Structures are given as structure tokens and as C-alpha cells.
Amino acid sequence: MEREKMISLIKNKNKTTLVKAYIQAKEDIVFKGVKQFGDKSLYLVIGDFNIIKKTIDDNKKIIKAFHIDIINRNSNLPLLDYSKVNARIEPGAIIREHVKIKDNAIILMGAVINIGAEIGSNTMIDMNAVIGSNAKIGDNVHIGAGAVIAGVLEPPSSKPTIIEDNVFIGANAVILEGVRVCKDSIVGAGSIVTKDVPSGVVVVGVPARIIKRSINIDSNKIKKEGDLR
């Protein structure tokens with residue numbers, strides 16, 4: 001999706017509070033504008049809080065009991081439809097709509113991926129990593145636990161943050177807005193990358209600096225990671 005359309009979508013879409021409500025009633029109730037399952041013995045209703053709450057209030061004389069689970073609050077973008085993705089996505093990951101995820105990627109618990117981001121094939125986004133808006137992550141990349149790849153949404157002309165193929169980003173590293181990390185490079189754990197990283201190097205520190213050419217990762221380590229996938 002083009003950046004201008006994405007910005008317009010976020011600004012103009014109505015905010016909703018999505019909920020699941022469990023309701024027991026003495027008589028049948030029809031909930032309009034939401035998804036409704038079951039019957040008066042036990043309804044499951046999914047939709048906007050304001051619509052569901054108003055129907056409950058209007059029918060309180062015939063409702064025996066109800067419970068409401070709030071899924072989000074005043075959100076203007078839904079989450080990604082995982083049924084259309086051929087990737088491993090663990091519980092607790094948060095992935096917004098209009099994210100592109102290629103085949104065999106892995107998104108672990110607690111990872112957050114914002115609108116417009118792209119995740120390459122065979123790439124792993126580790127626990128609690130954050131991938132910002134429009135960030136481009138290549139193939140065979142490892143984004144370590146707690147790492148942050150900064151997002152760029154506005155202005156539309158700004159450069160996205162780009163991680164090229166076969167890059168390893170260590171745990172808790174931060175890649176700032178608009179930075180490009182070129183292929184086959186390694187970013188050390190806890191580093192803050194403030195400028196582009198050339199291909200095939202190791203960078204560490206705050207701010208990150210080149211310390212040597214990148215080395216091949218031990219073959220046993222690669223095998224273990226493959227087994228975990």
C-alpha cells in the first residue's frame with residue numbers, strides 16, 4: 001500500500017472498541033451490526049462495544065447474566081488476518097493490518113509489527129522485538145529479542161528503515177529511522193545504529209561502529225536454529 005493511502009486510512013478510519021460478550025437471556029435477542037452466535041441459553045456476540053452495550057441496556061429486563069471481554073480500546077486499525085499468511089506466528093504477537101509477511105517467516109511471542117512493514121521469507125522476529133511502520137526486513141534475517149527497528153510513516157517522502165538479506169540483529173539493538181543495514185552484516189546486542197551499515201561487516205556500540213568484517217556463523221548454531229523453526 002502506498003504511504004499516502006496508509007496515512008489517510010489511519011487518519012480517516014473510525015475508532016472502535018472491539019469486544020466479545022457472553023450473554024444469557026430469558027428470551028431471544030437480535031444484535032444488529034455485530035456477529036452473533038448461539039441462542040438465549042448462551043450468546044457469543046463480537047463487535048463494537050457501544051453497539052453491544054446499548055443492546056444489553058435496552059434488553060436488561062430479559063438478560064439473566066452477561067460478561068464483556070474488551071479486546072482493544074478506540075483502535076482505528078484491525079489486526080492482520082493470519083489465515084492469509086504462510087508463516088509461524090506465536091500467541092502474543094501483535095501484527096497490524098497491511099503488513100506483508102513472506103513464506104516461512106517466524107514471529108515469536110510479544111513481537112509487535114506495525115502497519116506497512118514487510119517481513120522476508122525465512123526471517124525470524126524474536127520475542128518482544130518491535131518492527132515500525134513501513135520497515136522493510138529482507139530474507140533470512142534474524143531480529144533479536146527486544147530489538148527495535150524504527151518506523152517511518154510521515155512525511156510520505158521519508159526513507160523507510162531497511163534491513164537487507166542475511167542480516168543478524170542482536171538482542172536489544174536499535175536501528176534508527178531511515179537507516180539501511182546492508183546484506184550479510186551483524187549488529188551487536190545493545191547497539192544503536194544511527195547511519196547506514198555497509199555489506200558484510202560487524203557493528204557494535206553506541207553509536208554503532210564497524211569493528212571487523214562479518215564472519216560465518218558456526219554451522220552447528222545454524223542447524224539448531226533450523227531445528228527450532
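What you see below is based on every heavy atom in this structure, not just the backbone, and it leaves out hydrogens, waters and symmetry mates. This one's a predicted model, so the numbers in the text were calculated from it and none came from an experiment.
Shown are Val203, Val202, Val204, Val197; of these, the side-chain contact (heavy atoms from CB on, under 4.5 Å) with Ile210 is made only by Val203. Only one option out of Lys53, Lys60, Lys61 pairs with Asp57 in a salt bridge (charged side-chain N to carboxylate O under 4.0 Å, His left out); it is Lys53.
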Worksheet entry | Full working for side chain to side chain contact (heavy atoms under 4.5 Å, CB included) between Asp165 and Asn140 | CA-CA 6 Å; Asp165 297 346; Asn140 302 305; 5.7 Å; no

Item to complete: Might you work through the side chain to side chain contact (heavy atoms under 4.5 Å, CB included) test for Ile175 and Ile163, ending with a clear yes or no?
Response: CA-CA 9 Å; Ile175 315 298; Ile163 311 297; 4.2 Å; yes

Discussion item. What verdict does the side chain to side chain contact (heavy atoms under 4.5 Å, CB included) test give for Ile119 and Ile137, after you've listed the backbone C-alpha separation in whole Å, the side-chain angles of each residue and the deciding distance to 0.1 Å?
Written reply: CA-CA 5 Å; Ile119 309 298; Ile137 313 296; 3.8 Å; yes

Worksheet item: Between Asp139 and Ser121, does a side chain to side chain donor-acceptor pair (under 3.5 Å) hold up when you go through it step by step?
Response: CA-CA 5 Å; Asp139 298 338; Ser121 60; 3.2 Å; yes

Practice prompt. Go through Leu79 and Ile94 one step at a time and tell me if the side chain to side chain contact (heavy atoms under 4.5 Å, CB included) criterion holds.
Written response: CA-CA 7 Å; Leu79 300 181; Ile94 300 174; 4.0 Å; yes

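Using a 4.5 Å cut-off on side-chain heavy atoms (C-beta onward), Phe168 and Val141 make no contact. By the 4.5 Å heavy-atom criterion applied to side chains, Ile115 and Val99 are not counted as neighbours. Put simply, the side chain of Thr161 does not reach to within 4.5 Å of the side chain of Leu176, judged on heavy atoms.
Taken to the nearest 0.5 Å, the CD1 atom of Ile143 stands 4.0 Å off from the CD1 atom of Ile149. With rounding to the nearest 0.5 Å, the separation of CG in Asn104 from CZ in Arg88 is 11.5 Å. To the nearest 0.5 Å, atoms OG1 (Thr123) and NE2 (His142) are separated by 10.5 Å. Taken from NZ in Lys64 to OG in Ser41, the straight-line distance is 9.0 Å, to the nearest 0.5 Å. Atoms CD1 and NZ, from Ile52 and Lys35 in turn, are 11.5 Å apart once rounded to the nearest 0.5 Å. For the atom pair CD1 of Ile131 and CD1 of Ile125, the computed distance is 4.0 Å after rounding to the nearest 0.5 Å.
Evaluation of the side-chain contact (heavy atoms from CB on, under 4.5 Å) rule for Val85 yields Leu80, Ala87, Ile89, Ile101 as partners, not counting sequence neighbours. Evaluation of the salt bridge (charged side-chain N to carboxylate O under 4.0 Å, His left out) rule for Asp103 yields no partner, not counting sequence neighbours.
Of all heavy-atom pairs between Ala150 and Ala135, the closest is O-CB, 4.3 Å. Taking both residues in full, the closest heavy atoms of Ile46 and Val34 are given as O-CB, 3.3 Å, listed atom of the first, atom of the second, then distance. Summarising the geometry of Gly33 relative to Ile51, their closest heavy-atom pair is O-CD1, 4.1 Å, with the distance given to 0.1 Å. Across every non-hydrogen atom of Val167 and Cys182, the tightest pair is CG2-O, 3.3 Å. Residues Ala129 and Gly144 share a closest heavy-atom pair of CB-O, 3.7 Å. In plain terms, the two heavy atoms of Ala145 and Asp126 that are nearest each other are N-CB, 3.4 Å.
A donor-acceptor pair under 3.5 Å is absent between the side-chain atoms of Glu90 and the main chain of Met109, judged by distance alone. Without hydrogens or angle criteria, Ser133 side chain to Asn114 main chain gives no donor-acceptor distance under 3.5 Å. Between the side chain of Asp48 and the main chain of Thr17, a donor-acceptor pair closer than 3.5 Å is present.
Both Ile169 and Val206 belong to a common hydrophobic cluster when Ile, Leu, Val, Met, Phe, Trp and Tyr are linked at side-chain heavy-atom distances under 4.5 angstrom. Ile62 and Leu42 sit in two unconnected hydrophobic clusters of ILVMFWY residues. Membership requires side-chain heavy atoms under 4.5 Å apart, directly or through other members. Each of Tyr22 and Ile63 belongs to its own hydrophobic cluster when Ile, Leu, Val, Met, Phe, Trp and Tyr are linked at side-chain heavy-atom distances under 4.5 angstrom. Taking hydrophobic clusters as Ile, Leu, Val, Met, Phe, Trp and Tyr residues chained together by side-chain heavy-atom distances below 4.5 Å, Leu18 shares a cluster with Leu44. Hydrophobic clustering, with ILVMFWY side chains joined whenever heavy atoms are under 4.5 angstrom apart, groups Val130 together with Val179.
Within 6.0 Å of atom NZ in Lys102, 12 or fewer heavy atoms from other residues, nucleotides or ligands are found, so the atom counts as exposed in its surroundings.
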Under 3.5 Å, which donor-acceptor pairs do the side chains of residues 185-193 form with other protein atoms, sequence neighbours left out?
residue: Ser185; atom: OG; partner: Pro198; partner atom: O; Å: 2.6
residue: Ser185; atom: OG; partner: Gly200; partner atom: N; Å: 3.0
residue: Ser185; atom: OG; partner: Val201; partner atom: N; Å: 3.0
residue: Ser185; atom: OG; partner: Val201; partner atom: O; Å: 3.4
residue: Ser191; atom: OG; partner: Gly188; partner atom: O; Å: 2.9
residue: Ser191; atom: OG; partner: Gly205; partner atom: N; Å: 3.0

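Note on ring orientation: taking the six-membered ring where Trp is involved, the planes of Tyr43 and Phe31 are perpendicular (angle over 60°, cut-offs 30° and 60°).
Between Lys40 and Glu27 no salt bridge is recorded (no basic side-chain N to carboxylate O distance below 4.0 Å).
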